[in-house]
Amino acid sequence: MNHTKRKIAVAAGVAMLTTLVACGGDGTDAAGTLSVDRVAELAEGVGKDGADACPVPYDAGKAAGVAEGIEAGAAGAEAGEPMATGEGGRTTDPQSPLAGKAGGIITCSYHVGGEDLTVHTVGTEAGSATNYLLPTAQQAGGMSVEDVKSFGTQASDAKPGDPVASKGGNVVTVRLDSGGKGDVALLLTVGEDDKSALKPDQVLKLARAFAAQAK
């Protein structure tokens with residue numbers, strides 16, 4: 001390769017790197033890898049009585065840093081409530097959307113930007129993972145029946161790593177890499193009833209950052 005061709009190749013490489021970074025190539029919007037079996041195992045370990053730490057290594061501080069302009073407060077739900085809860089395996093609880101099905105749901109609570117933020121991680125061997133949390137998404141996002149149906153369809157069709165947001169922007173789901181077996185997804189809600197002090201793009205960045213941390 002002569003000197004001129006080498007310079008062109010280097011310039012092309014720099015341009016490609018710049019494009020990747022601009023499109024999120026730094027990995028902040030990549031899908032984490034988490035199997036259905038692992039979600040079920042972690043959920044069973046937490047149980048409905050809860051735990052003081054989320055079994056999925058989410059870092060709200062780092063996520064908030066990626067979102068820019070917001071700060072993460074102490075992890076946890078309301079006073080006296082556990083930071084994380086879970087239900088997994090083939091639970092027989094009739095109130096659980098996973099009753100009789102293999103999988104798990106892990107719910108972890110945080111305070112970000114002065115608001116309550118919840119990250120639900122769900123894994124199932126059958127169907128769309130996000131579908132199991134549509135009632136939660138509907139309530140948090142103040143969605144109509146048609147809106148939640150559309151949200152669920154978009155979530156099911158999305159590729160791992162591609163976020164799907166509610167119309168109001170305070171609810172975002174991201175499918176994770178389940179390793180080719182079943183379906184695993186993250187559902188992030190902030191604020192309530194379609195209301196949040198955070199901007200939709202900030203919530204989107206938070207969801208992408210949390211999804212990249214999942215493992």
Side-chain angles (χ1 to χ4, degrees), residues 27-67 72-93 95-112 115-137 140 155 160-161 163 171-190 203 206-215:
T28 56
D29 58 352
T33 300
L34 199 59
S35 70
V36 174
D37 288 342
R38 183 58 175 159
V39 173
E41 178 186 359
L42 293 175
E44 286 184 303
V46 173
K48 284 197 170 183
D49 290 337
D52 294 330
C54 185
V56 185
Y58 294 132
D59 188 322
K62 288 183 179 179
V66 170
E78 298 298 325
E81 296 293 324
M83 187 269 184
T85 58
E87 51 187 281
R90 295 185 180 277
T91 177
T92 56
D93 183 351
Q95 300 299 315
S96 171
L98 287 171
K101 301 178 180 67
I105 299 175
I106 303 164
T107 300
C108 299
S109 303
Y110 304 90
H111 298 294
V112 176
E115 296 207 66
D116 293 334
L117 180 149
T118 305
V119 180
H120 306 271
T121 308
V122 56
T124 176
E125 287 187 350
S128 166
T130 301
N131 281 351
Y132 288 90
L133 292 174
L134 287 183
T136 299
V171 177
V172 180
T173 185
V174 186
R175 290 182 65 209
L176 306 178
D177 180 358
S178 64
K181 178 183 178 183
D183 193 34
V184 178
L186 167 157
L187 180 76
L188 181 149
T189 67
V190 59
V203 181
L206 281 169
R208 284 173 166 164
F210 275 110
Q213 295 170 0
K215 61 181 180 179

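On a predicted model such as this, the values are computed, not experimentally measured, just so you know. All heavy atoms count here, side chains included; hydrogens, waters and symmetry mates do not.
- Residues Ile106 and Cys108 have side chains in contact (heavy-atom distance under 4.5 Å, counting atoms from C-beta outward).
- The two residues Arg175 and Ala155 have their closest heavy-atom pair at CD-O, 3.3 Å.
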Validation: residues 54-62 side-chain donor-acceptor distances under 3.5 Å, sequence neighbours left out:
unit_1: Tyr58; atom_1: OH; unit_2: Thr121; atom_2: OG1; d: 2.6
unit_1: Asp59; atom_1: OD1; unit_2: Gly61; atom_2: N; d: 3.0
unit_1: Asp59; atom_1: OD1; unit_2: Lys62; atom_2: N; d: 3.0

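- Heavy atoms only, all atoms of each residue included: Ala64 and Val112 are closest at CB-CG1, 4.3 Å.
- Each of Leu117, Val190, Thr118, Leu188 was compared with Tyr110 under the side chain to side chain contact (heavy atoms under 4.5 Å, CB included) criterion, and only Leu117 meets it.
- For the pair His120/Thr136, a side-chain contact is recorded, criterion being any heavy-atom separation below 4.5 Å from C-beta on.
- Residues satisfying the side-chain hydrogen bond (donor to acceptor under 3.5 Å, both in side chains) test with Thr189, not counting sequence neighbours, are none.
- Residues passing the salt bridge (charged side-chain N to carboxylate O under 4.0 Å, His left out) test with Lys181 are Asp37, Glu125, sequence neighbours excluded.
- For Ser178, the side chain to side chain contact (heavy atoms under 4.5 Å, CB included) partners at least two apart in sequence or on another chain are Val184.
- Atom-to-atom distance recorded for Leu186:CG and Leu34:CG is 10.0 Å, nearest 0.5 angstrom.
- Here Asp177 pairs with Thr33 under the side chain to side chain contact (heavy atoms under 4.5 Å, CB included) rule; sequence neighbours left out.
- Contact between Val172 and Pro163 at its shortest, heavy atoms only, is CG1-CB, 3.8 Å.
- Residues passing the side-chain hydrogen bond (donor to acceptor under 3.5 Å, both in side chains) test with Ser128, sequence neighbours excluded: Ser156.
- With sequence neighbours left out, Ala63 forms a side chain to side chain contact (heavy atoms under 4.5 Å, CB included) with Leu206, Ala209, Phe210, Gln213.
- Qualifying side chain to side chain contact (heavy atoms under 4.5 Å, CB included) partners for Ala137, counting only residues two or more places apart in sequence or in other chains: Met143, Phe151, Val171, Leu187.
- Here the shortest heavy-atom pairing between Leu176 and Gly32 reads CB-O, 3.5 Å.
- Within the 3.5 Å criterion, the main-chain N or O of Thr124 finds no donor-acceptor partner in the side chain of Asp183.
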